[in-house]
Every structure is written in C-alpha cells, then in structure tokens.
Amino acid sequence: QVELVESGGGLVQAGGSLRLSCAASGSIFSIDPMAWYRQAPGKQRELVAAITSTGSTNYADSVKGRFTISRDNAKNTVYLQMNSLKPEDTAVYYCNAVVNTIWTYWGQGTQVTVSS
C-alpha cells in the first residue's frame, strides 16, 4: 500500500505565496509522474502541474509563470511553489502519483484559499 501525505495549504492574500508538499510512502519502486490537481467548488478537478522522474514538467496555462513544480526523488516528495496567487486559485489541491508503473494514488487534499 502507498500513502500520499500533503501539507502546506492555508489562507493567503492575493499576491502572496504558498508552498505545497506531498510525500509518498510505502512499497515504492518508481513514481512517474507526480502531479498536482485542484478542484474548486462546483468545478471539475483539473491538472495544475506535473513532473516526471527526469524533471520534465508541464503546467496548466492558468498557472504558467506563477507556479513551479519540483520533486526530490530520494524522498519521494513533490512540491508546488505557488507565487502571485489569485482568488481564482482557491481550491482543494490534490497530489497525484503513478506508482510502480500501474497504480494511481491520490492524496487527501489540502485547502488553498486566496482572499482578495
């Protein structure tokens, strides 16, 4: 069994920054890719950013230039640095990982609220 534990959410004013972390633990041989998704009230869950084990990244257009995804392979941890936050970034953020090639896991979610 694999567990993803997220941390770092909270309340911040518009223009501020937050850093999310997600650590994976359990029977892990590989994690590729790791990603962050978000879901705002009344909306579908959407991909925010993803990163492969070799460091290739992709971002949603809405966060390009403001958010940075990174990972520490030795710690099985993925990060999301969020700068210049906007009220429309308010959502529950979920960590996602494809483990051992075939199994997809989700974190429990962490709330990010950006006040105007």
Side-chain angles (χ1 to χ4, degrees):
Q1 187 67 12
V2 172
E3 184 179 25
L4 303 181
V5 178
E6 301 150 348
S7 61
L11 173 64
V12 65
Q13 288 188 334
S17 298
L18 284 174
R19 189 189 194 212
L20 306 182
S21 299
C22 172
S25 61
S27 301
I28 299 169
F29 298 100
S30 68
I31 308 181
D32 204 2
M34 301 186 82
W36 289 96
Y37 286 74
R38 68 186 181 187
Q39 188 167 19
K43 295 188 177 181
Q44 289 189 333
R45 191 172 298 189
E46 64 174 356
L47 175 67
V48 176
I51 185 167
T52 68
S53 59
T54 58
S56 296
T57 60
N58 69 285
Y59 295 91
D61 288 343
S62 59
V63 306
K64 283 181 181 177
R66 300 188 298 122
F67 291 10
T68 302
I69 189 170
S70 60
R71 63 187 285 174
D72 184 331
N73 291 330
K75 296 181 179 180
N76 290 331
T77 299
V78 64
Y79 307 96
L80 186 67
Q81 178 66 44
M82 304 185 292
N83 299 328
S84 302
L85 282 161
K86 304 176 181 180
E88 51 263 44
D89 294 318
T90 295
V92 178
Y93 284 70
Y94 296 91
C95 176
N96 171 280
V98 178
V99 178
N100 301 339
T101 307
I102 59 174
W103 302 108
T104 298
Y105 291 91
W106 292 90
Q108 79 281 5
T110 185
Q111 177 71 45
V112 171
T113 302
V114 184
S115 63
S116 58

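What you see is a predicted model, and the numbers here were worked out from it, not measured in a lab. For the single chain, residues carry numbers from 1 onward in sequence order.
Nearest heavy atoms, Ala35 versus Leu47: CB-CD1, 3.9 Å. When all heavy atoms are compared, the tightest approach of Val5 to Gln108 is CA-OE1, 4.0 Å. The two residues Ala91 and Arg38 come nearest to each other via the heavy atoms CB-CB, 3.8 Å. In terms of heavy atoms, Thr90 sits closest to Ala40 at O-CB, 3.7 Å. Taking all atoms of both residues into account, the shortest heavy-atom contact from Val112 to Met82 is CG2-CE, 3.9 Å. When all heavy atoms are compared, the tightest approach of Ile31 to Ser53 is O-CB, 4.2 Å.
With hydrogens and angles disregarded, a donor-acceptor distance shorter than 3.5 Å links the side chain of Glu6 to the backbone of Gly109. Here the side chain of Asn100 pairs a donor or acceptor atom with the backbone of Ser30 at under 3.5 angstrom. Checking side-chain atoms of Asn76 against main-chain N and O of Gly26 turns up no donor-acceptor pair under 3.5 Å.
The line from OH of Tyr79 to OG1 of Thr68 is 14.5 Å long, rounded to the nearest 0.5 Å. If you take OG on Ser21 and CZ on Arg71, they are separated by 14.0 Å, rounding to the nearest 0.5 Å. Put simply, CD1 on Ile69 and CD1 on Ile51 are 5.5 Å apart, with the number rounded to the nearest 0.5 Å. With rounding to the nearest 0.5 Å, the separation of SG in Cys22 from CD in Glu3 is 10.0 Å.
Comment: Lys86 does not engage Asp89 in a salt bridge, judged by the lack of any side-chain N to carboxylate O separation of less than 4.0 angstrom.
Residues Val48 and Tyr59 are members of one and the same hydrophobic cluster, defined by side-chain heavy-atom contacts under 4.5 angstrom among Ile, Leu, Val, Met, Phe, Trp and Tyr. Side-chain heavy atoms closer than 4.5 Å link hydrophobic residues (I, L, V, M, F, W, Y) into clusters, and following such links, possibly through other members, connects Val99 to Ile102. Residue Tyr105 is grouped with residue Val78 when hydrophobic side chains (ILVMFWY) are merged at heavy-atom distances under 4.5 angstrom, including chains of intermediate members. Tyr37 and Met34 are members of different hydrophobic clusters when ILVMFWY side chains are connected at heavy-atom separations under 4.5 Å.
More than 12 heavy atoms of other residues, nucleotides or ligands sit less than 6.0 Å from atom CH2 of Trp106.
A side chain to side chain contact (heavy atoms under 4.5 Å, CB included) with Phe67 is found for one member of Leu20, Leu18, Leu80 and no other, namely Leu80.
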(message) Is there a side-chain contact (heavy atoms from CB on, under 4.5 Å) between Trp103 and Gln1? Walk through the geometry before answering.
(response) CA-CA 10 Å; Trp103 302 108; Gln1 187 67 12; over 6 Å; no
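In this model, a donor atom of one side chain and an acceptor atom of the other lie less than 3.5 Å apart for Asn83 and Ser17.
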